[in-house]
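All remarks here apply to the structure that follows.
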Amino acid sequence: MAVANTPFDLVVIGGGFAGLAAAHEALKNGKAVCVVEARLRAGGLASGTEIGSDWSVDNFYHHWFESDSHIFDFLSELNLEKNIVKCEVETGVLTDSGCFKLDSASALFKFPLFGIISKFRFLLFLAICWLPLNPHFLHRITAKNFISFVCGRKVYDVLWAPLLRSKFEKYAEEISAAWIYKKINLRSRNSSGKGESLYYYAGGFQKCVDDVVDFVRSKGCNFEFGINVLDVVKENKFFHLKCSDGSEIISNKILVSSRRSALTLMKDWLPNDVRQKYSEFKSMANVCVALTLEAPISKFYWLSNCSSSSDWVAVIEHTNLVSREHYDGRHIVYLSRYISPNSDFYNLSNGDLIENAVSFITNHFPHISQNQVTLEKCIVNRAIETQPVISSSKYRYFFPYMFEDWGVLSMEQIFPEDRGTNYAVREGKKVYHELMA
Ligand SMILES: Cc1cc2nc3c(=O)[nH]c(=O)nc-3n(C[C@H](O)[C@H](O)[C@H](O)COP(=O)(O)OP(=O)(O)OC[C@H]3O[C@@H](n4cnc5c(N)ncnc54)[C@H](O)[C@@H]3O)c2cc1C
């Protein structure tokens, strides 16, 4: 039971990467800090599941890009950089006509679904995205208009429309051009045709989180797992956090992970206009199936799904990122779908979701048969808020996160970059320092 008579300097609600980075900053500055996490383990969206193999399987597929300097610096500070593994991968698209490599200029020129003019316009689009443009200006236009204007309608319809639709469903056509611009801007510029360098953590992302927790705990951080913070009241200058196990934790300042928790816990502190703004933000849920197979499905790590047959956003063959030796020689393939949490699909049983995923794989990759799937080692995960919908707007993008003795750590404050562990760490550090200034 979590009872502390002496108030903490800071309580961090949420043990995802943002909360852990904030807690580490607090310790570096000599503060008494406690992390309260509703689940039994830290990690949030980046957690994983042990399936009896050497390495754990991520609940939602994860990797790092070359540009993810905040997380690399963070892991270096904790002497964990030795566990970062560099991986060379090939990526492409899955279409009704088959799988095609599409991760370099040379691959683009071999791509059979576009004519030569479309290919040059596509290259022009990439070149524009590599320029240092003002994201707030781009935020005024939609990704659809930006891409269609530069690449032409054919490239938009064949490639981008299915991707935006499977990521954002009914919001696809309102997504901000700033979001797509930054996603491309941060990717490595490769024209050689050799593929892309990505990074992973030896043992899986859960191992990374556990190593971070061990380090931070060894420096004096208190952790309370399996405890939901249900309410917060202020008495005699201090916050009293009312926890799901009936205990109370007292603190001077609070950092709360996620907009949803902020809306509930900060009811007496959020100004009305901010409460309204927070409520209006839209976010996609995600369903992710990790299939364990006896055979590989392709040479690609990542295949964006541009086919007409399903709304799975991508086929991610994890064992083309890292060796299958770490998974008892089996092949791990993720299928992911962004969706509304109220939809029938989101609420299908685990068995039905696995069946749907297996049938998608066997249809598109006929060399795979049902009996090559190790059903008892397949995993299903779902989460309600996984991808903020960054809609284009005539107003500058703005997400308020500082309120006197409170700070909010939420995916929505990451702009113009897409959410990710790298930016969770950046925001965790930044908001900690603003809160304590
Ligand atoms: C499908 C998918 C793929 C992704 N791929 C990548 C990738 O390849 N690379 C990458 O870097 N990132 C990726 N991400 C994003 C990454 O996982 C997140 O951006 C990051 O983990 C967010 O960290 P966070 O700490 O901000 O929030 P979270 O991970 O959501 O953590 C918040 C924590 O707070 C806890 N919490 C909330 N409220 C309370 C409360 N009241 N009491 C107690 N605890 C509470 C929650 O239980 C949770 O553990 C992916 C995400 C998804 C969904």
Side-chain angles (χ1 to χ4, degrees), residues 2 11-23 34-48 58-65 67-68 70-72 74-75 87 166-167 183 186 198-201 205-206 208-209 212-213 223-232 241-245 249 254-266 283-290 301-302 312-314 316 318 321 334-339 381-388 401 408-414 417-429 431:
V11 169
V12 180
I13 304 175
F17 268 102
L20 293 173
C34 176
V35 175
V36 189
E37 168 54 51
R39 298 192 204 172
L40 295 172
R41 284 176 95 170
L45 289 173
S47 24
D58 302 336
N59 291 344
F60 303 96
Y61 47 91
H62 275 69
H63 59 251
W64 290 307
F65 294 108
S67 54
D68 284 347
H70 301 286
I71 187 102
F72 296 146
F74 177 58
L75 295 177
C87 321
S166 50
K167 189 115 181 172
K183 252 184 127 51
L186 288 167
L198 297 178
Y199 297 82
Y200 196 66
Y201 194 84
F205 267 59
Q206 184 64 59
C208 178
V209 170
V212 170
V213 169
F223 280 95
E224 298 295 344
F225 288 117
I227 290 182
N228 214 330
V229 179
L230 302 176
D231 197 11
V232 178
L241 288 78
K242 314 281 181 192
C243 299
S244 52
D245 64 346
I249 303 174
I254 302 182
L255 275 177
V256 56
S257 297
S258 99
R259 170 180 57 96
R260 242 156 58 97
S261 286
L263 266 170
T264 320
L265 299 176
M266 297 177 68
S283 186
M284 303 303 293
N286 186 277
V287 176
C288 184
V289 178
Y301 164 54
W302 189 286
W312 293 111
V313 66
I316 301 134
H318 179 68
L321 177 76
Y334 296 98
L335 287 187
S336 152
R337 181 167 176 185
Y338 290 91
I339 196 160
N381 279 287
R382 19 185 149 212
I384 292 176
E385 297 203 326
T386 64
Q387 174 66 59
Y401 56 84
V408 178
L409 299 171
S410 188
M411 287 189 271
E412 285 83 0
Q413 68 212 55
I414 297 164
E417 302 88 356
D418 194 12
R419 53 86 176 111
T421 53
N422 182 56
Y423 303 103
V425 165
R426 181 187 73 186
E427 295 302 304
K429 289 183 170 189
V431 179

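Numbering of residues begins at 1 and proceeds along the displayed sequence. Indexing begins at 1, ligand by ligand and atom by atom, following the structure's order.
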### Task
Return yes if a side-chain donor-acceptor contact under 3.5 Å exists between D58 and Y200, otherwise no.
yes

### Message
I need the nearest protein heavy-atom contact for atom 52 (C) of ligand 1: residue, atom name and distance, please.
### Response
R419 NH2, 3.5 Å

### Message
With heavy-atom distances below 4.0 Å as the criterion, list the atoms of ligand 1 near A424.
### Response
23 (O), 26 (O)

#### Entry: Heavy-atom closest pair, residues A42 and G15
CB-O, 3.3 Å

### Mode of Y334 contact toward ligand 1 - side chain, backbone, both, neither (heavy atoms, under 4.0 Å)
neither

### Message
For T386 versus A285, what's the shortest heavy-atom pair and its separation?
### Response
OG1-C, 3.5 Å

### Task
List the closest protein heavy-atom neighbour of atom 43 (C) of ligand 1: residue, atom name, distance to the nearest 0.1 Å.
A38 N, 3.3 Å

### Message
Evaluate F17 against F74 for ring-ring contact (aromatic ring centres under 6.0 Å, His included), listing each step before the verdict.
### Response
CA-CA 10 Å; F17 268 102; F74 177 58; 7.0 Å; no

### Query
Identify the closest protein heavy atom to atom 9 (N) of ligand 1: which residue and atom is it, and at what distance?
H63 O, 2.8 Å

### Task
Run through I254, V11, I249 and flag the one making a side-chain contact (heavy atoms from CB on, under 4.5 Å) with V232.
I254

#### Entry: Proximal candidate to atom 11 (O) of ligand 1 [heavy atom criterion; set T421, L265, I227]
T421

## Note on the structure
Note: ligand 1 atoms sitting under 4.0 Å from heavy atoms of S261 are 37 (C), 38 (N), 39 (C), 41 (N)

### Query
Do R426 and I414 have side-chain heavy atoms sitting under 4.5 Å apart?
yes

### Task
Check each atom of ligand 1 against the heavy atoms of Y338 and keep those under 4.0 Å away; list them by number with element.
1 (C), 2 (C)

### Nearest protein heavy atom with distance in Å, relative to atom 29 (O) of ligand 1
L45 N, 2.8 Å

### Summary
Looking only at heavy atoms, the pair that brings V408 and S258 closest together is CG1-O, 4.4 Å

## Note on the structure
Short version for S257: what comes under 4.0 Å of ligand 1, heavy atoms counted, is both

### Message
Can you tell me which portion of T264 lies within the under-4.0 Å heavy-atom range of ligand 1? Options are side chain, backbone, both, or neither.
### Response
neither

### Task
Compute the minimum heavy-atom distance from V36 to ligand 1 and say whether it is under 4.0 Å.
yes

### Message
How long is the straight-line distance from CG of N381 back to OH of Y334, given to the nearest 0.5 Å?
### Response
9.0 Å

## Note on the structure
Closest heavy-atom approach to atom 17 (O) of ligand 1 among R41, R382, H62 is made by H62

#### Entry: Protein contact of atom 5 (N) of ligand 1 - nearest heavy atom, named by residue and atom, plus distance
Y61 O, 3.1 Å

### Message
I'd like to know if atom 19 (O) of ligand 1 has any protein heavy atom within a distance of less than 4.0 Å.
### Response
yes

### Message
With a cutoff of 4.0 Å, is Y423 in contact with ligand 1, counting heavy atoms of the residue only?
### Response
no

### Task
Applying ring pair (Phe, Tyr, Trp, His ring centres under 6.0 Å) between F205 and each of H318, H63, H62, report the one that passes.
H62

#### Entry: Nearest atoms (heavy-atom pairs only) where S261 meets V256
CB-CG2, 3.8 Å

### Query
Nearest protein heavy atom to atom 25 (O) of ligand 1, by residue and atom, and its distance?
A18 N, 3.0 Å

## Note on the structure
closest protein heavy atom to atom 48 (C) of ligand 1 is E37 OE1, 3.5 Å

### Task
Give the contacting part of V256 toward ligand 1: side chain, backbone, both or neither, where contact means a heavy-atom distance below 4.0 Å.
neither

### Task
State the atoms of ligand 1, each with its element, that fall below the 4.0 Å cut-off from a heavy-atom position in G420.
10 (C), 11 (O), 12 (N), 15 (C), 19 (O)

### Query
Between Y338 and Y61, what is the shortest heavy-atom contact and its length?
OH-OH, 3.6 Å

### Task
Indicate yes or no: does an N/O atom of F17 lie under 3.5 Å from an N/O atom of ligand 1?
yes

### Summary
shortest atom 42 (N) of ligand 1-to-protein heavy-atom contact is with V229 N, 3.0 Å

### Query
Taking R419 as the fixed residue, which of Q413, E427, Q387 is the one that meets the side-chain hydrogen bond (donor to acceptor under 3.5 Å, both in side chains) rule?
Q387

### Query
Is there side-chain contact between L198 and W64, with heavy atoms separated by less than 4.5 Å?
no

### Message
Below the 3.5 angstrom mark, is there an N/O of S258, backbone or side chain, next to an N/O of ligand 1?
### Response
no

### Query
Given D68, D418, N381, T386, which one has a non-hydrogen atom that is nearest to atom 53 (C) of ligand 1?
T386

### Heavy-atom closest contact (L186 atom, Y423 atom, distance)
CD1-OH, 3.1 Å

### Task
State the atoms of ligand 1, each with its element, that fall below the 4.0 Å cut-off from a heavy-atom position in G44.
29 (O), 31 (O), 48 (C), 49 (O)

### Message
I'd like to know if L230 contacts ligand 1, where contact means a heavy-atom distance under 4.0 Å to any ligand atom.
### Response
no

## Note on the structure
The reported gap from CZ in R259 to CG in L409 (rounded to nearest 0.5 angstrom) is 14.0 Å

